[in-house]
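So that the names make sense, note that chain A is the first sequence line, chain B the second, and so on, each numbered from 1.
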Number of protein chains: 2
Amino acid sequence: MPYTYEYPRPSVTVDCVVFGFDDKEPDLKVLLIQRAAEPFKDCWALPGGFVDMDEPVETAALRELEEETGLTDVFLEQLYTFGNPNRDPRGRVISVAYYALIAPADKQIAAASDAQNVHWFSVNQLPPLAFDHHLILETGLQRIRGKVSYQPIGFELLPEKFPLSGLQKLYETILETPLDKRNFRKKILNMGILKELDEFQQDVSHRAARLYRFDKAKYEQMVKEGFYFELKEQRTRETKRKK
Amino acid sequence: MPYTYEYPRPSVTVDCVVFGFDDKEPDLKVLLIQRAAEPFKDCWALPGGFVDMDEPVETAALRELEEETGLTDVFLEQLYTFGNPNRDPRGRVISVAYYALIAPADKQIAAASDAQNVHWFSVNQLPPLAFDHHLILETGLQRIRGKVSYQPIGFELLPEKFPLSGLQKLYETILETPLDKRNFRKKILNMGILKELDEFQQDVSHRAARLYRFDKAKYEQMVKEGFYFELKEQRTRETKRKK
DNA sequence: TCAAAAGTGTTAACCATACACCCATGC
DNA sequence: GCATGGGTGTATGGTTAACACTTTTGA
């Protein structure tokens, strides 16, 4: 190979912070696997592994995710690259971290894939994690907390059809703040990026809520025309008023 | 070493997109170096190089930046990791890209350091670039365009003391949109994150403008108390009003 | 005295917030 | 009929957008 350099080389891995959300629970969930091999055998860890020499890094993330959890067709974005020299006892390992968002329907699949032990954990009740995975996870959390307010990524955590209250709970969960129902509805509906369906919740022991669908095409059209998505924490007047 | 794995390993490099800004010019600038060695000998490229086995990745970025451009004490943040298998003719090279923001005063230093050829280029008049550096640079541009509106990173591109018109020009340049002078001043001054100085511009052939300084400590205090920095593109009512 | 940029205030439209009750459904 | 969540409107105040002239300074 021409121009080949012969420096010593670090290993390169990928790690995935897989977030999931469930209407009924007050917490965001993360998918973890229990390690089958040393180091950190039996310890919980983010799904991930070594990048092959001939595959793009993102492909490696998708491949490892499927191999270890059975998940395919997920929303995946690069998060951050962690490369401190001592983060892995095997030597110099640089890890490119990704975060994934998946809708509850897919969650079954993940739990079923039991080559290794795979579990959803609430982000507020995490076990000890291998390597620097706690730091990676925390970075992922910060990222989606920051991003959810000005990019419509929240919909990736919901099923295709969802009631407005589900969307509101999602935002309340991620932002860790209560939101006003009427204002939330007004704001999101006024954006015009939700399609109102003629379908309703099933099997609920109260009035069934109307379902909506995120209209991605319309959203992208509007962005081209200068639209900014923004769904922020609603602070009270008290908090906002200065001095 | 225990648990050592013996996979084939990619090389890992860092690349830095160094942005600079100058009052007088209507464009953002990027610092490029002319490559002294193959591959892409004599081609312009982002400063960068191989990560040593025992240094953190960010340290490598700072080190390469100093070695190749003489710059130290810069604002530096990780941008994105580029790892497509064919981005480097030498073989598999994964590059962790950073972006840096530097104030005009430092620019002299950079131009003086002439181990290699180092030059500022307007982001709108770039030469052909080595490797996938054009993609990296474009990614950096998108990042600061997105980030400048809701994080006070713009100040990193200005000297310590600056007139409000300089700040406004910076925002107009990065966001590529004209801003209303009175509204801009009102908004930024109302935030309370600028310290008004008793100093004025020197050597200008018109009324000298008052200088201000970004009060970082105050900003951080306010963030703790729930303050959100936001300095967005000001759209006209026309554009905003729908249908 | 001219050129060049600094600096300054008001109005009207819009948007965000606060807030409480009735409705539909299943049990 | 009761419990559960679904669904709705209005008044207030704060924020943003639009807009033009006077001041200062140096050449």
Side-chain angles (χ1 to χ4, degrees), chain A residues 23-24 26 149-150 161-172 175 177-192 194 196-212 226-243, chain B residues 23-24 26 149-150 161-172 175 177-192 194 196-212 226-243:
Chain A
D23 254 338
K24 287 115 210 150
S149 296
Y150 59 93
K161 302 168 184 182
F162 53 85
L164 290 185
S165 61
L167 184 62
Q168 182 177 342
K169 265 181 216 143
L170 171 66
Y171 272 87
E172 291 178 328
L175 299 177
T177 186
L179 300 173
D180 181 89
K181 183 166 56 160
R182 278 172 293 190
N183 294 337
F184 181 84
R185 288 170 165 251
K186 236 181 306 176
K187 195 162 173 184
I188 188 76
L189 289 176
N190 275 344
M191 286 185 191
L194 293 189
E196 177 181 306
L197 303 176
D198 288 324
E199 295 177 59
F200 297 82
Q201 285 180 313
Q202 301 292 330
D203 305 318
V204 287
S205 68
H206 53 77
R207 177 172 173 184
R210 180 183 291 277
L211 301 182
Y212 292 80
F227 170 76
Y228 285 99
F229 178 88
E230 198 170 289
L231 204 45
K232 284 252 176 103
E233 179 178 359
Q234 291 166 33
R235 287 152 293 161
T236 63
R237 293 247 166 87
E238 281 259 303
T239 311
K240 263 172 91 175
R241 200 180 288 143
K242 32 189 114 79
K243 175 98 152 300
Chain B
D23 256 338
K24 289 114 210 148
S149 296
Y150 59 91
K161 302 168 183 183
F162 53 85
L164 289 186
S165 62
L167 185 62
Q168 181 177 344
K169 266 182 216 141
L170 172 66
Y171 272 87
E172 290 178 328
L175 299 177
T177 186
L179 300 174
D180 180 271
K181 183 166 57 159
R182 279 173 289 191
N183 294 338
F184 180 84
R185 289 171 163 250
K186 236 180 305 175
K187 197 163 170 181
I188 189 75
L189 288 177
N190 275 344
M191 285 186 192
L194 293 189
E196 177 181 305
L197 303 176
D198 288 324
E199 296 177 59
F200 296 82
Q201 286 179 314
Q202 301 292 330
D203 304 318
V204 287
S205 68
H206 53 77
R207 176 171 174 186
R210 181 183 289 278
L211 301 181
Y212 292 80
F227 170 76
Y228 285 98
F229 179 88
E230 199 170 287
L231 205 43
K232 285 251 174 102
E233 180 178 0
Q234 290 166 33
R235 287 152 294 163
T236 62
R237 294 252 163 84
E238 282 258 304
T239 312
K240 267 173 91 175
R241 201 179 284 142
K242 31 189 115 77
K243 175 96 154 302

Can you check each nucleotide of nucleotides 19-27 of chain D against protein heavy atoms at under 4.0 Å and return B for base, S for sugar-phosphate only, - for none, in 5' to 3' order?
-> BB--BBBSS
Just grab all the salt bridge (charged side-chain N to carboxylate O under 4.0 Å, His left out) pairs involving residues 199-208 of chain B, residues at least two apart or on different chains.
-> B:Lys161-B:Glu199
Rounded distance (Å) that lies between atom [atom2] of [N] and atom [atom1] of [X]:
{"X": "B:Asn190", "N": "D:dT15", "atom1": "CG", "atom2": "P", "value": "9 Å"}
{"X": "A:Asp203", "N": "C:dA24", "atom1": "CG", "atom2": "C1'", "value": "16 Å"}
{"X": "B:Phe200", "N": "C:dA5", "atom1": "CZ", "atom2": "C1'", "value": "15 Å"}
{"X": "B:Lys232", "N": "D:dT15", "atom1": "NZ", "atom2": "C1'", "value": "14 Å"}

Mind checking side chain to side chain contact (heavy atoms under 4.5 Å, CB included) for [X] and listing every partner two or more places apart, or none if nothing turns up?
{"X": "A:Gln201", "value": "A:Pro163, A:Val204, A:His206, A:Ala208, A:Ala209, A:Leu211"}
{"X": "A:Glu230", "value": "A:Lys232, B:Glu230, B:Lys232"}
{"X": "B:Arg210", "value": "B:Glu196, B:Asp198, B:Phe200, B:Tyr212"}

Would you mind classifying the nucleic acid contact of B:Arg210 as base, sugar-phosphate or nothing, using non-hydrogen atoms under 4.0 angstrom?
-> sugar-phosphate
Could I get the full list of side-chain hydrogen bond (donor to acceptor under 3.5 Å, both in side chains) partners for A:Lys186, not counting sequence neighbours?
-> A:Asn183
B:Met191 and B:Leu231: which non-hydrogen atoms are nearest, and at how many Å?
-> CE-CD1, 4.2 Å
